[in-house]
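Chain letters run A, B, ... following the sequence lines, proteins first, then strands; residues in each count from 1.
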There are 2 protein chains.
Amino acid sequence: MLEQNRVPYGVDKLRRAGLRPTQQRVALAELLFADGDRHITAESLYDEAVAKGVKVSLATVYNTLNQFKDAGLLREVVVRAGKSYFDTNTTTHHHFFDEQTGSIEDIDLDVDEEDLRELVKVPNGKCITAVDIVVRLRDERV
Amino acid sequence: MLEQNRVPYGVDKLRRAGLRPTQQRVALAELLFADGDRHITAESLYDEAVAKGVKVSLATVYNTLNQFKDAGLLREVVVRAGKSYFDTNTTTHHHFFDEQTGSIEDIDLDVDEEDLRELVKVPNGKCITAVDIVVRLRDERV
DNA sequence: GTAACTGCAAAACTTTTGCAACCAG
DNA sequence: CTGGTTGCAAAAGTTTTGCAGTTAC
């Protein structure tokens, strides 16, 4: 009975996504999805995993993040050339990006996605996969 | 008289931007600004320069693009992790990004920038440097 | 048992940097 | 001349890949 409570929360989530719940994937899923929305990079998640004693390699973190993204568990946020960010919130929303600290925050923005899509004249034969809004920030000069 | 017409268009532009009009900068400026708005990467501009017989190294193309950006002659467009795009149109506007071909197009989008800025609750002590909208495209499935 | 997955190291790619040679003013 | 600029190669940073060994089922 006690043992059952040890089954990590992430296992079901992985199975549902069609991913075999291996040690590394379960551990990373726990880190990612345990509490609320998170914005991470491969490097930051790897550091976190190592700090918590999870045995995983950086290459596996990269691979796992891409697998999670392909499975729809994560969303990639493109805010900076040369670095990949991932967001555990896969619903439609937008981001602040602090250019000085490199940190990402969700925007509490009430833009009607449908309105925006209708304003745009999509090229023939193409369809929209996503509309991303990034509001770039820096310190207010005093 | 005839000789005067040979002075490349880019020289003045560079001087005004505080950049010494060297051979490579002038040649790259000609490629970039000669005809209308362009979206390029370091690699694509380097290939183009080499194809036209311009003597320049890839490192110099990278350095030059960053100098032009810092001088306000170019704007960086972040649409894909791991690759830097630049836009010769430095006015406020937004972009289509074709995820399959990697090509960028300007959007004919009539979003009131001020409206958007007012909708967003900017964190304390921060100010907005830019609002970027990227509409991601792929082929319509038939 | 076996196919899927991981770890490691190496490779691939993009971008930056150090420094001797070069060139614009 | 002289300092800013360039070219080259090397380094740095991020991400992917190949393959032998391991693991989930």
Given B:Val134 and A:Val78, is the side-chain contact (heavy atoms from CB on, under 4.5 Å) satisfied, shown in steps?
-> CA-CA 10 Å; B:Val134 177; A:Val78 179; over 6 Å; no

Between B:Ala42 and B:Pro21, whichever has its closest DNA chain C nucleotide further toward 5' is B:Ala42

Consider only side-chain N and O atoms of A:His95 and A:Asp106, and report whether a donor and an acceptor are under 3.5 Å apart.
-> yes

Under 4.0 Å from any atom of DNA chain C, heavy atoms only: list the residues of residues 72-84 of chain A that qualify, in numerical order.
-> none

Determine, for A:Phe33 and A:Lys13, whether the Lys NZ or Arg CZ falls below 6.0 Å from the six-membered ring centre while staying within 45 degrees of the axis.
-> yes

Rounded to the nearest 0.5 Å, what separation is found between the CG atom of B:Leu45 and the OH atom of B:Tyr62?
-> 11.0 Å

Can you give me the N/O atom pairs linking the protein to nucleotides 3-6 of chain C at distances under 3.5 Å, or say none if there are none?
{"from": "C:dA4", "atom 1": "O4'", "to": "A:Arg20", "atom 2": "NH2", "distance (Å)": "2.9"}
{"from": "C:dC5", "atom 1": "OP1", "to": "A:Arg25", "atom 2": "NH1", "distance (Å)": "2.9"}
{"from": "C:dC5", "atom 1": "OP1", "to": "A:Arg25", "atom 2": "NH2", "distance (Å)": "3.4"}
{"from": "C:dC5", "atom 1": "O5'", "to": "A:Arg25", "atom 2": "NH2", "distance (Å)": "3.4"}
{"from": "C:dT6", "atom 1": "OP1", "to": "A:Thr22", "atom 2": "OG1", "distance (Å)": "2.6"}
{"from": "C:dT6", "atom 1": "O3'", "to": "A:Gln24", "atom 2": "NE2", "distance (Å)": "2.9"}

Chi angles and distances behind the side-chain contact (heavy atoms from CB on, under 4.5 Å) call for A:Glu48, A:Arg38 | CA-CA 13 Å; A:Glu48 194 181 336; A:Arg38 303 200 55 191; 2.9 Å; yes

Distance (rounded to the nearest 0.5 Å) between A:Leu32 CG and A:Leu74 CG = 5.5 Å

5'-most to 3'-most nt of DNA chain D touching chain A (<4.0 Å, heavy-atom partner on protein side) reads D:dT14 to D:dC25

Here the distance between atom P of C:dA12 and atom CG of A:Leu58, to the nearest Å, is 19 Å

Look at the side-chain heavy atoms of Ile, Leu, Val, Met, Phe, Trp and Tyr, link any pair under 4.5 Å apart, and say whether A:Ile133 and A:Ile104 land in one connected group.
-> no

Does one side chain, of A:Thr129 or B:Glu99, offer a donor that lies under 3.5 Å from an acceptor on the other?
-> yes

Report the relative orientation of the aromatic rings in A:His93 and A:His39; use parallel for angles under 30°, tilted for 30 to 60°, perpendicular for over 60°.
-> tilted

A:Glu76 and B:Ala81: which non-hydrogen atoms are nearest, and at how many Å?
-> OE2-CB, 3.8 Å

